[in-house]
Structure formats: structure tokens, C-alpha cells
Amino acid sequence: EVWLAARRAPELATLVAKMQAEGFAAHALPLDISDVAATEAALAALPPFEILVNSAGTARHSPATETTPADFDAVSGLNFRAAYFLTRTVAARLIAAGKQGSLINISSQMAHVGGIDRAVYAASKHAVEGMTKSMAIEWGPHGIRVNTIAPTFIRTALTEATFANPDRAAWIASKIKLGRVGETTDIMGAVAFLASDAAALITGTSLIVDGGWTAD
């Protein structure tokens with residue numbers, strides 16, 4: 001049974017309807033996780049989630065000398081602050097119910113390296129890695145695992161502008177050793193693995209899905 005949360009209710013409803021038509025037990029949860037109070041209230045009305053996959057994220061790339069406070073707050077607010085409190089809320093409900101779980105935040109290869117025009121983005125993802133290690137230590141005794149998945153560049157609407165820039169596209173091509181950028185399907189296996197009992201002894205770590213980018 002899956003609950004899908006996102007800000008755009010119409011798109012969310014369409015996806016849930018498609019999943020239900022294919023026989024899945026799916027439900028829509030219109031939600032902006034950057035609103036911590038609303039997120040806590042929404043989750044309090046539902047059973048504890050034994051698996052969390054948080055893929056919410058944003059980016060506002062620029063040279064570090066041109067970073068604005070508004071851009072810094074927007075990126076860190078969703079990528080780190082919202083992820084922190086969402087993970088905390090799900091874990092607290094599991095602990096209260098005496099249940100185990102697997103909590104997964106989609107991080108980035110930029111949580112392990114630096115990148116052009118990505119000081120704020122990389123900083124927010126490094127922060128997610130730090131919280132993951134600490135939360136894994138704290139909640140391990142409760143049987144709650146906390147990990148991240150750190151993808152390379154994935155083709156999505158968010159990355160279209162980057163791929164359209166010839167210099168950035170050449171930079172990406174030079175770094176990914178397997179010779180292609182990622183697709184959303186490349187993340188699916190990693191999610192299924194960390195969510196399953198096959199990863200029962202894995203916590204506090206990052207599963208890097210980067211085609212070899214960070215091997216240098």
C-alpha cells in the first residue's frame with residue numbers, strides 16, 4: 001500500500017488513478033513537505049509508514065559569488081530542512097508504534113564531490129548525508145534503517161536546462177564513466193533494494209548511482 005505525496009494535486013491524482021487501474025493500492029496525499037507543520041499534521045492522520053522514499057528537491061545553480069539569500073534559503077529549505085523534519089516525523093511515528101522501517105532520502109553525487117555553480121546544492125546534499133549517519137546511529141536500536149541514494153544527472157524536467165547547455169553537457173559526458181546520463185529507471189532498483197529485507201544490515205550509508213562519476 002503506497003501513499004504518493006506531491007504539491008501538484010491534479011498530476012498526483014492522475015498518477016494514483018493509473019496505479020489503481022493496474023491493481024496497486026495507491027493513495028494521493030497533496031502535500032508540500034517544506035511546510036513542516038502541515039506535514040506533521042498529515043502524517044499524524046495516517047498509519048506509520050514503514051518505508052519512506054523522499055525524492056523532493058530543488059536546485060538554483062549559480063557561481064557562489066552570485067548566490068542570493070533567497071536562493072540559498074529555497075534550496076536548503078527543501079533539500080535539507082524539509083528532508084530532516086519529514087524523516088524525523090516518520091521515524092517518531094514508527095518508534096511510537098514499535099515498528100521497524102527503512103527511510104530513504106534521494107541525495108546526489110554532489111553530496112560526495114563538488115560541482116560547477118553548485119555550492120548551495122552540494123552543501124544541502126552534504127547536509128543530508130550528515131543527518132543520515134546521525135539518525136541511523138540514533139534509531140538503529142529501534143530497527144529503523146536510514147540511508148540515501150546518490151544519483152548522477154538524471155533526465156527529468158529539472159535537468160533539461162543543464163543538458164541544453166553545451167558546456168555543461170560536455171562536462172557531464174566527461175565525468176560519467178559508463179558513457180550515458182541516468183534515467184529515472186536507474187534509481188528504481190536502488191530504491192527497491194534499500195526498502196527490502198535484502199538490505200537488512202545496511203544503514204547510515206549512501207548508495208551511489210553515478211556511472212562512476214565519483215570514482216576519480
Side-chain angles (χ1 to χ4, degrees), residues 4-16 18 28 30-35 39 53-84 86-87 104-132 148-191 206-216:
L4 304 178
R7 292 174 300 171
R8 294 175 293 179
E11 291 87 343
L12 191 61
T14 298
L15 179 57
V16 167
K18 180 179 178 181
L31 184 66
D32 180 352
I33 67 165
S34 64
D35 186 334
T39 300
V53 181
N54 171 37
S55 61
T58 191
R60 296 187 181 183
H61 300 317
S62 68
T65 53
E66 298 175 13
T67 300
T68 66
D71 286 346
F72 183 96
D73 290 345
V75 174
S76 60
L78 180 57
N79 291 2
F80 176 46
R81 183 177 184 271
Y84 185 101
L86 173 63
T87 307
I104 305 165
N105 279 293
I106 304 301
S107 178
S108 170
Q109 67 184 15
M110 294 299 166
H112 302 274
V113 294
I116 301 169
D117 295 344
R118 282 163 171 77
V120 175
Y121 181 79
S124 71
K125 294 301 186 177
H126 275 74
V128 170
E129 298 297 331
M131 84 177 196
T132 295
T148 68
I149 295 172
T152 187
F153 285 86
I154 306 294
R155 287 196 184 278
T156 68
L158 190 64
T159 58
E160 285 180 359
T162 297
F163 290 126
N165 182 318
D167 291 337
R168 294 293 180 266
W171 171 58
I172 293 167
S174 72
K175 299 290 285 185
I176 299 179
K177 309 306 181 292
L178 290 180
R180 68 171 180 85
V181 299
E183 305 292 343
T184 54
T185 51
D186 290 313
I187 309 303
M188 292 165 57
V191 169
S206 181
L207 179 51
I208 304 175
V209 185
D210 71 345
W213 183 301
T214 60
D216 284 345

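These values consider heavy atoms only, across backbone and side chains, with no hydrogens, waters or symmetry-generated copies. It should be emphasised that the depicted structure is a prediction, and the values quoted were computed from it without experimental measurement.
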S.K.: Quick one: list whatever passes salt bridge (charged side-chain N to carboxylate O under 4.0 Å, His left out) with E183, sequence neighbours left out.
M.R.: R155

S.K.: Looking only at non-hydrogen atoms, find the nearest pair between N105 and A83 and report the distance.
M.R.: OD1-CB, 3.8 Å

S.K.: Per the salt bridge (Lys or Arg N to Asp or Glu O under 4.0 Å) rule, what does the pair list look like for residues 207-216, sequence neighbours excluded?
M.R.: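 As it turns out, the salt bridge (Lys or Arg N to Asp or Glu O under 4.0 Å) pairs with a partner in residues 207-216, which skip direct neighbours, are K175-D216, K177-D216.
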
S.K.: Once ring-ring contact (aromatic ring centres under 6.0 Å, His included) is applied, what residue pairs with a partner in residues 150-186 remain, sequence neighbours excluded?
M.R.: F153-W171, F153-W213, W171-W213

S.K.: So L78 and I33, do their side chains get closer than 4.5 Å, heavy atoms only?
M.R.: yes

S.K.: Sort and list the pairs that fulfil salt bridge (Lys or Arg N to Asp or Glu O under 4.0 Å) and have at least one residue in residues 114-126, not counting sequence neighbours.
M.R.: D117-R168

S.K.: Suppose the criterion is salt bridge (Lys or Arg N to Asp or Glu O under 4.0 Å): which pairs have a residue in residues 62-74, not counting sequence neighbours?
M.R.: R60-D71

S.K.: Could you give me the CA-CA distance, side-chain angles and deciding distance for T184 and I154, then say whether side chain to side chain contact (heavy atoms under 4.5 Å, CB included) is met?
M.R.: CA-CA 6 Å; T184 54; I154 306 294; 4.0 Å; yes

S.K.: Determine the minimum heavy-atom distance between L207 and A190, stating which atoms define it.
M.R.: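 Of all heavy-atom pairs spanning L207 and A190, the closest is CD2-CB, 3.5 Å.
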
S.K.: Partners of T39 by side chain to side chain donor-acceptor pair (under 3.5 Å), sequence neighbours excluded?
M.R.: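 For T39 there are no side chain to side chain donor-acceptor pair (under 3.5 Å) partners, ignoring immediate neighbours.
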
S.K.: Among pairs that include at least one residue of residues 158-167, which meet salt bridge (Lys or Arg N to Asp or Glu O under 4.0 Å), considering only residues two or more places apart or in two chains?
M.R.: none

S.K.: Among residues at least two apart in sequence or on other chains, which ones pass salt bridge (charged side-chain N to carboxylate O under 4.0 Å, His left out) with K18?
M.R.: none

S.K.: My understanding is that only residues two or more places apart in sequence, or in another chain, count here; which of them pass side-chain contact (heavy atoms from CB on, under 4.5 Å) with L178?
M.R.: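 By the side-chain contact (heavy atoms from CB on, under 4.5 Å) rule, L178 matches no residue at all.
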
S.K.: Is any side-chain heavy atom of N54 less than 4.5 Å from a side-chain heavy atom of T87?
M.R.: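 No; the side chains remain at least 4.5 Å from each other.
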
S.K.: Shortest non-hydrogen contact from T58 to V75?
M.R.: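 Between these two residues, the closest heavy atoms are CG2-CA, 3.8 Å.
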
S.K.: The criterion is salt bridge (charged side-chain N to carboxylate O under 4.0 Å, His left out); which residues satisfy it with R180, sequence neighbours excluded?
M.R.: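 Testing R180 for salt bridge (charged side-chain N to carboxylate O under 4.0 Å, His left out), a comparison that skips the adjacent residues, returns D186.
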
S.K.: Could you report the tightest heavy-atom contact between F72 and T67, atom names first, then the distance?
M.R.: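 Residues F72 and T67, closest heavy atoms: CB-CG2, 4.2 Å.
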
S.K.: Would you say that L4 contacts L12 through its side chain, given a criterion of any heavy-atom pair below 4.5 Å between the two side chains?
M.R.: yes

S.K.: Show the nearest heavy-atom pair for residues P151 and S107, with the distance to one decimal.
M.R.: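 So the two residues come closest at CD-O, 3.5 Å.
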
S.K.: Does H61 have any ring-ring contact (aromatic ring centres under 6.0 Å, His included) partners at least two apart in sequence or in another chain, and if so, which?
M.R.: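 So H61 forms a ring-ring contact (aromatic ring centres under 6.0 Å, His included) with Y121.
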
S.K.: Residues two or more places apart in sequence or in another chain: which of them pass side-chain contact (heavy atoms from CB on, under 4.5 Å) with H112?
M.R.: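 H112 satisfies side-chain contact (heavy atoms from CB on, under 4.5 Å) with E129, A150, S206, I208, T214 only.
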
S.K.: Provide the closest heavy-atom pair for T152 versus I176 in the form atom of the first, atom of the second, distance.
M.R.: OG1-CD1, 3.5 Å

S.K.: Could you check whether any side-chain heavy atom of I149 comes within less than 4.5 Å of a side-chain heavy atom of I104, counting everything from C-beta outward?
M.R.: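 Sidechains of I104 and I149: in contact.
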
